[in-house]
Amino acid sequence: MAAMLWLPVLVPTVLGALVAWRHSDAYARYVPLVAALAILGIGIALVAKGQVVTSSVLRADAAASYVLLCVGAVAVVALWGGLSNPPLGGRGDALICAFLAAMSLAVLSDNLGVMWVAVEATTIATAFLVGHAGTRGATEAAWKYVVLGSVGVAIAFLGIVLVYASSRTGGSPTLSWVALVSGTVPLSPHLARVGVALAVLGFATKAGLAPMHSWLPDAHSQAPAPVSGLMSGVLLSVAMYAILRIQAVAAAHIGVGLVHGLLLTFGLLSLAVAAFLTLTQKDYKRLLAYSSIEHMGVIALGVGSGTTLGLVAALLHMLGHGVVKAAMFVLAGRVLAITGSSRIAQVKGLLARRPDLGWPFVAGTAALLGFPPFVTFFTEVAVLIALAESGLWWAVGGAAALLLITFIGIARQVLSMTAGAPEPQPDAPDHPLVHDTPSLRATAPAAIAMTAGAVVSFLSLVFVPVLGAAAAALGVSR
Amino acid sequence: MNASLTSGFVTTAVGILLLTAVLQTWRRSAAGSVRLLVVQGLALAALVAALGASRGDVELLAVAGIIALVKAGVLPWALGRTATGRIVERDNAVRPAVGLLGATVLTMFAYAVSDPLRGGDQSAAARAIPAGVALVLIGFWILLTRHSAVGQLVGFVVLDNGIAMVAFLTSDGLPLTVELGATLDVLLVVVILRALTTRMRNTHGGTSVDDLTELRD
Amino acid sequence: MTAVGGLLTAFTLTALAVVLAIVVPARQRSLASGGASLGVGVAGILTGVAAITSSPTAVVVIPVALPAGIGIDPLLLSPTPLGGVFCVVVGGVGAVAALYGMGYAHGPAASRTGWSAFAVFLLGMLLVASAGDVVSFLLGWETMAIASTVLLLADHAARPAVRSAAVWYAVMTHLSFLSLATGFALLASRAHSTTFTTIAAAHVTGPTGIAAFLALLLGFATKAGLVPLHVWLPRAHPEAPSHVSAVMSAAMVKLGVYGIIVLTSTWLPEVSRWFSLLVLALGVLSGAYGILQASITSDLKRLLAYSTTENVGLAVTAVGVGMLLANADQGPVADVALVAALLLVVSHAAFKTVLFLGAGTILQATGERDLDRLGGLIRTHPVTTWTFGIAAMGAAALPVTSGFAAEWTLLQALVHGDGRANTTLALALPVTLGLMALTIGLGLLTFVKAFGTAFLARPRSEAAASPAPEFTARPSSAARGLAQVIGAAAVIGLGLAVGPVATTFSSVLGYSGTVTSELGGLRLVTIGVLDPYALALVGLGLALPVALLVLVIRRRVPRRQTDVAWGCGGVRTSPRMEYTATSYAEPLVRVFGEALRPTRSLEVSHLEEDHVLENRVAFAQEVTDIVEDRWYAPAASWLRVVGDQARRVQNGSIHRYLGFSFAALVLVLVVTLS
Amino acid sequence: MTATLLVLWQMVVATAFTPLLVGVMRQVRARLEGRVGPGVLQPYRDVRKLLAKEPLRAEGSSLLLIAAPLVLLTSSLMVVALVPLVTTATVPAVPNDLFVVVSILLIGTVALALLGLDAGTAFGGMGSSRHMMIAALVEPTVLMSVYALSVPVGSSTLSKIVVARGADVSRVVTPAGLLAVVALVVVVLAETGRLPVDNPSTHLELTMIHESMILESAGRDLAWLEVGSWLRLTALLGLVVNLALPWGLASDGAPIGLLVAVAALVAKVLVAGALVAAAEVFMAKVRLFKVPELLAGSFVLAFLAVTASYLAG
């Protein structure tokens, strides 16, 4: 069973190498999807198994297997949807496989150092994916993504170094999460405090939380649709998962006051940034990127509230938001293909012109805005209740107001795109890479993602034990 | 290696590291910056070697060798072509005086702030920790003030050197696998940034970061 | 058939309706899915009746992925008797509208999304009325919101105004959802549970209680469409398909009133004592302002939407009066006021449904919504004329209709509140009575105008002159007519059977003895009796001799000549000379000038060669909703400005972004290391 | 059972007496204006003439032309039956509650307004719009003034108020009582279309309100409309008079009591009618958009009456 742990990391790497070597033949495009299916399969197996599985550096407790499941699910949605977008070529597919491998390693690694290396590896893997289009905008986005991302993660490395240094007082310094959390290794409080704070700050940059969010809109709007779907859907959640690991260490030794304070501030700031910058947003891919910042803000508030309910809601929100956001980016990619411009003003009457694109787009927006039956509704209500539970009435009021402003922004923009009569629109640009015609095969991924986003919220038999175990594994005190 | 010799070595290495970082904020030309980077890489390797020698830890010496190889050898080679290449890029950066002033202020801030990091240990290595933090802040400062792609790259490398320095000073360096992984990651980031710089020259006709302002709301 | 059984049937029928809407081809879709929605409505009625008659022990638990017990209790649906009343209202209105929709829905309203959204909409409202805890209440609330927004967007391709109406509606509904969520979160944090029974038992007070009360009141007032927050109502209802706006006006808006009643009577009774004047003011203001706007608009569906604001205002006034009297511990009269509130809710549900369905038929027949272009439909649409007429009488609160019985009860409560005891009552009751009387008077004028200009005299436009026939060969048009007749029968039925209905409501609210029924009539214990049967009998008794007299005289003077109406001596009476809705309301615009702020523009263009002689005079007058102009328009433009300013933060310079990270790093270092 | 008979008796007496009241008012007015006047029984003759004349129907008008007059007549008969004119007894299940009486009055008003609209002429529309506006603005004053009178009595049933006021003389002269009665007088003038609100005898298109609605009716329709309006005048005038001087009403079936009550009613109403007619001679019609100020004034009077009755106790 332990060997199985290595599969999510090895399978994508091997497939990536294979694709990089023989990228010419036809079905090279399906390789990343196969890798994603593998990860999803193993994630489901681990979650179903329910026990902690460890092998040397890797360890899959309830939380890790749940997040791996999220990674797998979002990857499948994004890559399967991506098949209807213009192909990325051999190098792109290889990089995606590397990206998946890095994320799996980050999720499964027990050693904080290895986790950091994996997170940094995701940045490296996605650098060229963001710049794949080769246009001026793509290069600029890639540059900013790499510089800001690497600087942020470097700070996280400084934090981990200090945590490692603080563990030296007990004789045998270690970066193994289990050892750190078990309390057998005493940490010197000062070093641990700084280390934890810097680690949280660093990973918050990768999670796209304000004020270190500025790279996200550029990167996610310039990257090809499946890649931005993957990054927005799950890379941010993996970074947040790293913060949860750090928070567990802090909870065991120095108390979570500092971490929760940081997360609450970052959370509210992210909501504010997302709220005010979507009000009159002109580009719908950037609109989706800002919506990711908003949802990561909600997750941060959930974790920052300090209650088990908040943490459980945050974990569930990762899955709910990830799946829907990946589908939305895929749809945005196809809308870009048929209208040729990512400006909101250029897209008119999507519902009337292309109902097979319009309705999933509206359904996805409803999910992002927190309407039932999607899971984001339950988690947002749970986060508000959790915040009120821990007495943070100002956070509840602030979050509610900012969520309203975000709603105004997104609802207005999306309705201006989808509703209304379709003027005679010059159809796709003269040289569409992929002639996009309404086909069931192309709509299936988004439709299945949306239904999954809705069905998940009512699967109490499956998710209640899983989320309970995950929260227990992350050792939230209250 | 007795204590006084190692503390001598350590303080000199730290001095060189700080000096090269401060000079980076002053020197503008890309070629000059790369040369300073090489010196800084060697100083870091020396520091690690001194620490390794003082503790008789062979693994640390090996790590020092790797750092020397990467920081002084591979990095400049990667940066070389752009720096000494055809166009010497003048950095239309902010006036050097501001750069220097910022660096000094940050160093003082680092020293004021990082007393608790030492944790009461009075050894030379412990006393040098604030310098490491200073290096990190100065690296960040270089990123903030340099307007050319290579300048930003230099800033990033200085930042990483600072972190590596803090790592070795606060503990005997991270476990080997993590250390190697970190160095490899930094190297890969530099390679990627270098590739992006060449692509930037094709798309934006120049490597000034100020051209990169099209993606805005 | 217990409440649980009713709810489960409602769930299954909704699922069936959705499946039918998607699977069945377009021609039979309205019949199939409409029938299923009708089933959902009937299930709602049964659930409500079961909830009213027996207090349900069994509950329906909704499985949710969030583990229960760690802050959120399990989601359960157990309708209280009061919830049962609103289930009946929702079910009844839903059933009638579904029946009507089967014949009426056409084009996008009859699409797959149209019918599935309609069934989900009914289910959402049933969920709200039967929710037993916070999360299922909010779940129902938002299901209702998303379904109604989708329904509102049915004709988005046809008219651009639909989209802006949908945005306004969605934003205001989300404002109501978020304020409810905040209020409930604060309440749950103090009561340490999200189940309503525990919250009620916790008697939360203190600053959190007040904040929770105000947030919840804001949420419910927005959904109820009370004045400062009513702006979405006259925009959204006219744009929705008529059978949908009937459900929105008659049932959905009532859930806001349900919230206010439950909030003030069970969740936060202590806190709401301080705010009874606020609730009363909200109600009275909405009543007066709503009917004033309704009386001067010429768009029929906008008129009906504003009259919804008025009727909801009256219901909330009744709640406010009840609270005020309860504070002055005049128990029995306070009970009468709350019973009046429920009567107003139910009566408005009945007649507003028929009015909107009538407006739907008119719209389908002539394609016109503007009263100024209608007229003479009495000859071609007899059933709609009669049903619209009866419903208009109900809305104008004329005797023997449900509106009259409800308003009679409220006026009795107002008149019999003893103001001598404390000064607030001495001032509040007369002012409320005065404004309410003005509201009733203007309501009269509004519905005389609506009925008169739409149905009587000669058609004012070609569209009205040659309307589509009311009943076509297809059976579905019969369904339409049947729905209207059932609605009108309900208006008269509720008017006549006011006794039993009022006693059920008083038992639902937990009062005993204040309201008893005597052979159909209503006896308010210390106040008086209203017996609509006797009133009707006396009326018929007098009408018979008059009719006999007419028959006798008719035999002697049989002929009745048809001649041209008086036109000052000339034969110049063309339909264009008839009084239109705008001219009918002109005196009111003049009288209430400062409250309405009409915008008038007068351009006089003179001849070039001579500045005295006028070439052309153009006069335009427009009355808009001043609440919207004064508060909402500036707010919208402020948001746009803020949006543009905020976007300048992301100006693309990497140094600024690095600056953000640097500042964060320095701050964290300072915080952690000092 | 006797109560129903009393009410029937009251209705018969009032219906018979109404044309006489109108005749007397017109005669007083004629005499004061120096005219001979058609004699007191002219209204009876008018009605008989109208019943014999041939009814007309405007082109494009609907069945309402026939139905509306009957509805107005029936509602006026009901008001006359309910209002305490001759007797304070009421039909057991139908107490003459203030709101019931007002709503039945309003049915008549609505029927008249719809009739005006149905003809499809500008005059009918104009009259109907103005008539409804006045009815809407009068409504608060009616409810408020009777509310003021009902506060000391504790019930809004008109007979109880009249009986209570009759029993206790001091209650008649309280400030609240006086203010309420004055407000009611203004209301009656507005409701029945007398000067200064509307000139009953004018046919000048732009000024008439009541007349323009019945412009298109002829023959027996016009007869029902006229009788209906006159009955409303009697009922309202009788109500005000009985509230001001609440004595002489028969409370039980005693024959003498009944005769005395009829005599008292006839006397009081005729005197009041004469006073109104006399006052009309010296008043000019108020401009239409000054009428709301007049009604607002009466509303303030009624409001003061209520507060006076509350605070003065």
Side-chain angles (χ1 to χ4, degrees), chain A residues 144 147-148 151-152 155 193-194 197-198 201 205 211-212 214-215 217 258 276-277 279-280 307-309 312-313 316 349 351-352 366 371-372 375 377-378 381-382 384-389 391 393 396-397 400 403-404 407-409 411-412 415 419-421 456-460 463-464 467-468, chain C residues 62-68 70-72 113 134-135 138-139 142-143 145-146 150 153 156-158 160 162-163 166-167 170-171 174-175 178-179 181-182 184-186 188-189 192 194 208 211 639-640 642-644 646-647 649-650 652 654 656-658 660-661 663-665 668-669 671-673:
Chain A
K144 287 179 183 168
V147 168
L148 282 159
V151 162
I155 292 169
R193 238 168 88 90
V194 180
L198 289 180
L201 179 67
T205 315
M212 299 77 66
S214 311
W215 57 270
L258 176 68
F276 290 111
L277 280 139
L279 266 178
T280 51
T307 59
T308 328
L309 174 65
V312 163
L316 189 58
L351 275 176
F371 276 110
V375 88
F377 162 74
F378 293 97
V381 166
L384 285 177
I385 290 178
L387 284 172
E389 197 97 344
W393 55 270
V396 174
L403 282 174
L404 178 65
F407 181 91
I408 297 174
R412 209 162 59 85
L415 271 180
V456 156
S457 44
F458 296 103
L459 287 182
S460 63
F463 278 90
V464 167
L467 291 171
Chain C
I62 304 175
V64 168
L66 291 170
I70 48 171
I72 288 189
T113 40
V134 162
V135 180
L138 291 174
L139 172 64
E142 276 301 275
T143 318
I146 182 77
V150 166
L153 278 168
H156 66 83
V162 170
R163 181 163 63 80
V167 169
V171 167
H174 207 66
L175 163 70
L178 283 174
S179 46
T182 318
F184 277 136
L186 294 175
S189 69
H192 302 301
T194 57
T208 329
L639 273 181
R640 207 161 290 115
V642 161
D644 293 338
R647 278 191 302 110
V649 163
Q650 187 85 2
I654 189 166
R656 170 176 291 196
Y657 302 160
L658 282 167
F660 290 153
S661 302
L665 174 64
V668 164
L669 281 179
V671 163
T672 48
L673 289 176

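The sequence lines fix the lettering, A, B, ..., with proteins before strands; numbering per chain opens at 1.
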Undergrad: Heavy-atom pairs under 4.5 Å with chain C - which of A:Leu403, A:Leu279, A:Thr280 has more of them than the others?
TA: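 Highest number of pairs under 4.5 Å: A:Thr280.
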
Undergrad: How far apart are the closest heavy atoms of A:Ala419 and C:Arg163, and which atoms are they?
TA: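 Shortest heavy-atom contact: CB-CD, 3.5 Å.
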
Undergrad: Minimum heavy-atom separation for C:Ala145 and A:Phe371, please, with both atom names.
TA: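 C:Ala145 and A:Phe371 have their closest heavy atoms at CB-CE2, 4.2 Å.
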
Undergrad: By a 4.5 Å heavy-atom criterion (distance strictly below it), what part of A:Ile155 contacts chain C: side chain, backbone, both, or neither?
TA: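 The answer is the side chain of A:Ile155.
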
Undergrad: Looking at every non-hydrogen atom in both residues, tell me the closest pair between C:Ala185 and A:Ala388 and how far apart they are.
TA: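 Taking C:Ala185 first and A:Ala388 second, the nearest heavy atoms are O-CB, 3.4 Å.
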
Undergrad: Any idea which of A:Pro211, A:Ala313, A:Gly397, A:Gly420 has the most non-hydrogen atom pairs under 4.5 angstrom with chain C?
TA: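 Of the options given, most contacts go to A:Gly420.
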
Undergrad: By a 4.5 Å heavy-atom criterion (distance strictly below it), what part of A:Ala386 contacts chain C: side chain, backbone, both, or neither?
TA: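 For A:Ala386, no heavy atom lies under 4.5 Å from chain C.
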
Undergrad: State, with a plain yes or no, whether a side-chain heavy atom of A:Val464 is found less than 4.5 Å away from one of C:Pro67.
TA: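 A:Val464 vs C:Pro67: side chains touch.
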
Undergrad: At a heavy-atom separation under 4.5 Å, does C:Leu153 approach chain A through its side chain, its backbone, both, or neither?
TA: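 Interface part for C:Leu153: side chain.
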
Undergrad: Contact part of A:Phe377 toward chain C, heavy-atom cut-off under 4.5 Å: side chain, backbone, both or neither?
TA: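 Answer is side chain: those atoms of A:Phe377 sit under 4.5 Å from chain C.
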
Undergrad: If you define the side chain from C-beta out and look only at heavy atoms, does anything of C:Gln650 sit under 4.5 Å from A:Pro217?
TA: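 The answer is yes, as the side chains (C-beta and beyond) meet within the 4.5 Å cut-off.
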
Undergrad: With rounding to the nearest 0.5 angstrom, report the CZ to CG distance, C:Phe660 to A:Leu148.
TA: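 If I round to the nearest 0.5 Å, the distance is 10.5 Å.
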
Undergrad: With chain A, which of C:Leu178, C:Thr182, C:Asp644 has the greatest number of heavy-atom pairs at distances under 4.5 Å?
TA: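 The option with the most such pairs is C:Leu178.
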
Undergrad: Between C:Thr113 and chain A, which part of the residue has a heavy atom less than 4.5 Å away: side chain, backbone, both or neither?
TA: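 For C:Thr113, the side chain is the part near chain A, not the backbone.
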
Undergrad: As an exercise: rank A:Phe407, A:Phe463, A:Trp215 by heavy-atom pairs under 4.5 Å with chain C and give me the winner.
TA: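 Top option by heavy-atom pairs under 4.5 Å: A:Phe407.
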
Undergrad: Please identify, among C:Ile146, C:Val134, C:Val167, the residue contributing the most non-hydrogen atom pairs under 4.5 Å to chain A.
TA: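 Ranked by contacts with chain A, first place is C:Ile146.
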
Undergrad: Who among A:Val147, A:Val396, A:Leu201, A:Leu384 has the most heavy-atom pairs with chain C under 4.5 Å?
TA: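 Highest number of pairs under 4.5 Å: A:Leu201.
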
Undergrad: What heavy-atom pair brings C:Ala166 and A:Leu415 nearest, and what distance separates the two atoms?
TA: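 Where C:Ala166 meets A:Leu415 most closely, the heavy atoms are CB-CD1, 4.3 Å.
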
Undergrad: If every non-hydrogen atom of A:Ala421 is compared with every non-hydrogen atom of C:Ala157, which pair is closest and at what distance?
TA: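 That closest heavy-atom pairing would be CB-O, 3.4 Å.
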
Undergrad: For chain A, which of C:Ala170, C:Ala158, C:Ala65, C:Ala211 has the most heavy-atom pairs under 4.5 Å?
TA: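 Most heavy-atom pairs under 4.5 Å with chain A: C:Ala65.
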
Undergrad: Could you tell me which portion of C:Val668 (side chain, backbone, both or neither) has an atom closer than 4.5 angstrom to a non-hydrogen atom of chain A?
TA: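 Side chain of C:Val668 only, per the 4.5 Å heavy-atom cut-off to chain A.
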
Undergrad: Go through C:Val642, C:Val162, C:Thr208, C:Leu639 and name the one with the most non-hydrogen pairs under 4.5 angstrom from chain A.
TA: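 Ranked by contacts with chain A, first place is C:Leu639.
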
Undergrad: How long is the straight-line distance from OG of A:Ser460 back to CD1 of C:Ile62, given to the nearest 0.5 Å?
TA: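 These two atoms lie 11.0 Å from each other.
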
Undergrad: Looking at side-chain heavy atoms only, is the closest gap between A:Thr307 and C:Ile70 below 4.5 Å?
TA: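 Not touching, per the 4.5 Å side-chain cut-off.
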
Undergrad: Out of curiosity, C:Ser189 OG to A:Leu387 CG, how far, rounded to the nearest 0.5 Å?
TA: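 So the OG of C:Ser189 and the CG of A:Leu387 are separated by 11.0 Å.
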
Undergrad: Which heavy atom of A:Pro372 sits nearest to which heavy atom of C:Glu142, and what is that distance?
TA: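 Looks like CD-CB, 3.0 Å.
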
Undergrad: Report yes if the side chains of A:Leu258 and C:Val671 come closer than 4.5 Å at any heavy-atom pair, otherwise no.
TA: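 They are in contact (side-chain heavy atoms under 4.5 Å apart), so the answer is yes.
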
Undergrad: Is chain C contacted by the side chain of A:Ile408, its backbone, both, or neither, given a heavy-atom distance below 4.5 Å?
TA: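 Answer is both: backbone and side chain atoms of A:Ile408 are under 4.5 Å from chain C.
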
Undergrad: Taking the side chain as every heavy atom from C-beta outward, state whether C:Leu665 and A:Leu198 have any pair of such atoms under 4.5 Å apart.
TA: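 Yes. Closest side-chain heavy atoms under 4.5 Å.
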
Undergrad: Taking side chain as everything from C-beta outward and backbone as N, CA, C, O, which of these in C:Val649 sits under 4.5 Å from a heavy atom of chain A? Side chain, backbone, both or neither.
TA: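 For C:Val649, there is no contact with chain A at all, as no heavy atom is under 4.5 Å.
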
Undergrad: Would you indicate whether the side-chain heavy atoms of A:Trp393 and C:Leu186 approach each other to under 4.5 Å?
TA: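 Side chain of C:Leu186 against side chain of A:Trp393, heavy atoms only: contact under 4.5 Å found.
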
Undergrad: State, with a plain yes or no, whether a side-chain heavy atom of A:Phe378 is found less than 4.5 Å away from one of C:Leu139.
TA: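 With C-beta onward as the side chain, the pair touches.
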
